[in-house]
There are 2 protein chains.
Amino acid sequence: MKRVTIHDVAEAAGVSLATVDRVLNGRPGVRKTTIAKVKQAVDTLNYKPDVFAAGLAKKRTYRFHFLLPNGPNAFMEDLTREATSHAETMSGDRMHVHVEPIDAFDGHRVAGTLALLDHTVCDGVAVVAPAFPEVRAAIDRLQDRGVPVVTLVSDHPASNRRHFVGIDNVAAGRTAGRLLGRFLPRQPGKIAIVAGSLGLRDHAERYQGCREVIEQDYPHLDLLKVREGRDDNARNADLVARLLKENPELAGLYNIGAGNRGTISALSASGQAESVVVVGHELTPYTREALQADVFDAVIAQDPGHEIRSAIRVLKALCDGVPIIDGQERIGIDVFLKDNLPAVTDRPDSTE
Amino acid sequence: MKRVTIHDVAEAAGVSLATVDRVLNGRPGVRKTTIAKVKQAVDTLNYKPDVFAAGLAKKRTYRFHFLLPNGPNAFMEDLTREATSHAETMSGDRMHVHVEPIDAFDGHRVAGTLALLDHTVCDGVAVVAPAFPEVRAAIDRLQDRGVPVVTLVSDHPASNRRHFVGIDNVAAGRTAGRLLGRFLPRQPGKIAIVAGSLGLRDHAERYQGCREVIEQDYPHLDLLKVREGRDDNARNADLVARLLKENPELAGLYNIGAGNRGTISALSASGQAESVVVVGHELTPYTREALQADVFDAVIAQDPGHEIRSAIRVLKALCDGVPIIDGQERIGIDVFLKDNLPAVTDRPDSTE
DNA sequence: GGGAAAATGACTAACGTACCTCAAAATATC
DNA sequence: GATATTTTGAGGTACGTTAGTCATTTTCCC
C-alpha cells in the first residue's frame with residue numbers, strides 16, 4: 001500500500017536518482033539500454049509520478065484565454081458565466097482562466113486580439129471562431145508561436161487548431177429534422193427554417209443535416225427557403241410573424257440559431273403556437289419556458305458547462321503533452337422535451 | 001502574478017505562521033479576534049491554498065469502493081469499465097478506486113459486503129443500491145461509522161446516503177411516454193411495456209412517469225399491463241414474441257429495463273419491427289444497432305462515464321468537506337435517435 | 001592505451017503546506 | 001501581584017518531485 005517513488009525505481013533499476021529523473025523527464029544524455037532498464041523498473045513497480053509533488057516542484061501555471069462572443073445571446077452568456085466561474089474555482093489549481101469578450105461578427109478585431117497573444121501571456125487559447133479567413137490565419141500564427149488553440153462551439157476546420165470542443169452540427173440538424181418528421185403526421189406540410197445566417201458554419205451545417213433527413217425520409221414535407229434573422233430577436237419576431245401570416249397552415253418551424261425569444265413571442269402572438277411543431281436550439285430560460293408552454297416541441301442543445309470544462313481539460317492536456325481522452329471530451333447533442341428538462345439552477349437573469 | 005502563500009497571510013495579519021496554520025486548519029487555541037484578523041487577511045489577499053503543496057504535505061489518499069452489479073448487462077458493464085479505467089488513471093492522484101461486483105438481487109449479500117467496510121478500509125462508497133431494507137440499514141450503519149455513501153444509478157431515498165448520482169427516473173419515463181405519444185399517429189393504439197421488475201425502484205418510477213404522460217396527454221393510447229422479464233434476454237425475447245403474436249396491431253413498445261437484446265431479436269424476428277414504435281433504455285452496441293436499423297425509434301440513456309466521474313468527485317468533496325457543485329453533478333437524461341448517436345469508441349465486446 | 005566525449009552518480013535547493021514541539025508572551029483567576 | 005491558563009511565536013521536519021551542479025566513471029575512437 002506504500003507509494004512507489006523514484007527512489008524505489010532507482011534502486012530497482014540499479015541506477016541513481018539523477019538518471020531516473022533524466023529518463024522520466026526526457027532529458028538527454030542517457031544510453032538507451034539504461035533508458036530501457038529504467039522504463040522496465042517503472043512498469044514492473046507500476047510507478048506513477050505523484051501529481052502533487054510534481055505540480056509543486058515544477059510550479060507550473062496554466063494561463064488560458066477564452067475568447068467568447070459578447071452579443072446578447074443567452075447561450076453565450078451561459079458559456080461566459082461558466083468560464084468566469086471556473087476561473088475562480090480553479091485559480092487554486094494554478095489555473096488562470098481569462099475570459100475576453102469578442103465581437104464575433106468582426107473578423108479583423110478577433111484576428112487582432114489573437115495576434116496579441118503569445119507564450120509570455122498565455123499557455124493556451126479557446127476561441128469561438130467566426131468563419132473568417134483572417135481568423136484562421138491568426139489561429140495558425142498563434143500556434144506557430146507555440147500556443148495551442150482549441151475552437152469552441154463553432155469550429156474552423158481549415159485551421160490547425162488542435163481540437164474542437166463542440167457538437168457535430170450536421171448531426172444536430174439531422175436530429176432536428178428527424179424530430180420534425182416524426183412529430184408531424186404523415187401528410188403534406190410546410191416547414192419554415194429560420195437561421196441566424198447561413199454564412200455561419202454551424203448554422204449552415206445544421207440546415208444541411210435537417211434538409212438531408214427531411215428530403216430522404218419525409219418527402220411529403222416541404223422545406224420553405226431559409227430566412228436569416230442574424231440571431232436578432234426583433235428580426236426573428238418579424239420574420240416568424242410574416243411566415244405565419246403567409247403560411248396559415250404551416251406545419252413545422254426550425255429555429256437554427258439564436259434569437260429564440262423573438263421566435264417565441266411571434267409564435268405566441270399568432271395563436272398558432274400549438275398547431276406548429278417547433279424545434280429550437282440551446283436551453284435558455286426562454287426556450288425552457290416555451291417547451292413547458294407547448295410553444296416549442298423540442299430543443300437541441302449543448303451543455304455550456306461541459307464545453308468549458310472540456311476545453312480547459314484539453315488545453316491542459318495539450319500543455320502537458322499528454323493524450324486526450326476522446327470519450328470524455330465528446331460533447332453530446334442534447335435533446336430536450338418538456339419532460340426531461342434539468343431542474344433550474346439559481347442564476348442571474350440573462351437576455352437573449 | 002506571484003502566488004500568495006501563508007507567509008504573506010501571516011505578515012498581513014501581523015501574526016505568526018503557526019497561528020495562520022491553526023486558523024486555516026481549524027486547530028484549537030486561537031482567540032476569536034485573532035481568527036478574525038487572519039480570515040480578514042486571507043480574503044483581502046485572496047489567499048487560496050496551493051492544492052499541490054497541500055496534497056503533498058498531507059499525503060492524503062482517497063480510497064473509494066464501488067459496488068456494482070455483475071449481471072450480464074451491457075450498461076453495468078460500461079459502468080464497471082469506466083470505474084476500473086478511472087481506477088487506473090487516477091491512481092497517481094492518490095485515488096484508489098476499488099470496484100467490487102455485487103449480486104444486486106441478493107440484498108443480504110450486498111448488506112453483508114457493506115457491513116465489512118469502515119474507515120480503515122475505505123474513505124467513501126458508491127453503490128448501485130438494490131431496494132432492500134437490509135441494504136438501507138447497512139448504508140446507514142456504514143455512514144454512522146464515518147464513511148460517506150453515495151447511491152449510483154438506483155437510489156435509496158429512505159437511507160441517509162449523502163448524494164444520489166443518477167437520473168430522475170420518473171422524468172425518464174415521462175420522456176419515453178412523450179416520445180411514444182408524439183411518434184405515434186393520433187389514433188387509438190396499444191402500447192406494451194416490458195420491465196425487469198416493478199420491484200426495482202428505477203423501473204417502477206419509469207413506468208409511473210410513462211403512464212402519467214400517456215394517460216394525461218395521449219388518452220387514445222392504451223397501455224397494456226406490464227410484463228416483467230427480469231432484465232433477462234431470453235425471457236424478454238419470449239415475452240415480446242408473445243406480445244406481438246397476441247397483438248398483431250401493436251402500436252408501441254417501451255422496454256423499461258435491460259434485456260434489450262432479447263427484445264430486439266424478438267422484434268426483428270417478427271417482421272413487425274418497423275411498424276411498432278419502440279423506446280428502450282441505455283446506449284449499448286445492441287440498442288445502437290437497433291436504432292440504426294429502425295427497430296428502435298428512441299433510446300433514453302444515462303452516461304456511465306459521467307456517472308462514475310461524478311461519483312468520484314462527489315465522494316472526494318464529501319471527504320474534503322467542501323460543497324458539491326450541483327450543476328456539475330446533475331446527470332442528464334439523454335435522448336438518442338438514430339441521428340445523434342455519439343461516434344463509437346473502441347471498446348471490448350460485451351454482452352447484454 | 002591515452003585522451004576526448006558521453007554517461008552516470010552524488011548532492012542540493014527549491015516548491016508551499018501540514019503538523020509537531022517547546023518556549024515565550026499574554027491574559028485570566030484568586 | 002503571584003500563579004495558572006490560554007494564546008502565540010519560532011523553528012523544525014516531512015511530503016515527492018524538479019532541476020540543477022560538479023565530480024566521477026564508462027565508453028569510444030584513433
Side-chain angles (χ1 to χ4, degrees), chain A residues 1-42 45-62 91-95 319-322, chain B residues 1-42 45-62 90-96 319-322:
Chain A
M1 268 300 178
K2 243 189 97 263
R3 171 158 269 282
V4 181
T5 74
I6 41 177
H7 293 82
D8 304 318
V9 175
E11 193 179 359
V15 299
S16 74
L17 264 165
T19 302
V20 173
D21 177 63
R22 289 183 182 108
V23 174
L24 259 42
N25 294 289
R27 290 183 240 280
V30 188
R31 233 177 329 188
K32 43 194 168 310
T33 63
T34 319
I35 296 185
K37 268 199 300 184
V38 173
K39 291 202 163 156
Q40 164 73 18
V42 161
L45 290 182
N46 189 29
Y47 166 78
K48 298 260 183 281
D50 183 314
V51 287
F52 293 117
L56 178 56
K58 62 180 154 206
K59 58 183 179 198
R60 179 120 173 58
T61 64
Y62 302 90
S91 65
D93 305 6
R94 289 191 151 80
M95 286 274 191
C319 286
D320 293 345
V322 303
Chain B
M1 268 306 179
K2 243 192 95 251
R3 171 158 270 280
V4 181
T5 73
I6 41 177
H7 293 80
D8 304 317
V9 174
E11 194 178 358
V15 299
S16 74
L17 262 158
T19 302
V20 173
D21 178 63
R22 288 181 184 112
V23 174
L24 260 43
N25 294 290
R27 287 184 242 282
V30 188
R31 230 174 332 187
K32 44 194 166 309
T33 64
T34 319
I35 296 185
K37 269 199 299 185
V38 173
K39 289 201 164 156
Q40 164 73 15
V42 162
L45 290 181
N46 189 29
Y47 166 79
K48 297 259 185 283
D50 183 311
V51 288
F52 294 119
L56 177 56
K58 63 182 155 205
K59 58 183 179 191
R60 177 116 173 62
T61 63
Y62 302 90
M90 312 204 59
S91 65
D93 306 5
R94 290 190 150 80
M95 286 275 192
H96 302 291
C319 287
D320 293 346
V322 304

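Worth knowing before you read on, the calculation uses all heavy atoms, side chains too, and leaves out hydrogens, waters and symmetry mates. Each chain gets a letter, A, B and so on, in the order the sequences are listed, and its residues count up from 1.
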* Are A:T5 and A:D8 close enough, and set up right, to give a side chain to side chain contact (heavy atoms under 4.5 Å, CB included), and what steps lead you there? -> CA-CA 5 Å; A:T5 74; A:D8 304 318; 3.6 Å; yes
Strictly under 3.5 Å: I want the nitrogen or oxygen pairs between protein and nucleotides 17-22 of chain D, one per line.
{"unit_1": "D:dT17", "atom_1": "OP1", "unit_2": "A:Y47", "atom_2": "OH", "d": "2.5"}
{"unit_1": "D:dT17", "atom_1": "OP2", "unit_2": "A:I6", "atom_2": "N", "d": "2.9"}
{"unit_1": "D:dT18", "atom_1": "OP1", "unit_2": "A:N25", "atom_2": "OD1", "d": "3.4"}
{"unit_1": "D:dT18", "atom_1": "OP2", "unit_2": "A:N25", "atom_2": "ND2", "d": "3.2"}
{"unit_1": "D:dA19", "atom_1": "OP2", "unit_2": "A:R27", "atom_2": "NH1", "d": "3.2"}

* Donor-acceptor pair, A:N25 side chain versus A:R27 backbone, under 3.5 Å? -> no
* Going through the distances and angles, do B:Y47 and B:I6 end up as a side chain to side chain contact (heavy atoms under 4.5 Å, CB included)? -> CA-CA 8 Å; B:Y47 166 79; B:I6 41 177; 3.5 Å; yes
* Worked check of side chain to side chain contact (heavy atoms under 4.5 Å, CB included) between B:V38 and B:V15 -> CA-CA 8 Å; B:V38 173; B:V15 299; 4.0 Å; yes
* Intermediate values then yes/no, side chain to side chain contact (heavy atoms under 4.5 Å, CB included), B:K48 and B:V4 -> CA-CA 7 Å; B:K48 297 259 185 283; B:V4 181; over 6 Å; no
* To do: Of all the heavy-atom pairs spanning A:A12 and A:L45, show the shortest one and how long it is.
  => CB-CD1, 3.8 Å
* Does anyone know the first and last nucleotide of DNA chain C in reach of chain B, 5' to 3', at under 4.0 angstrom to a heavy atom? -> C:dG16 to C:dT27
* Quick one: does A:T34's side chain get under 4.5 Å of A:T19's, heavy atoms only? -> yes
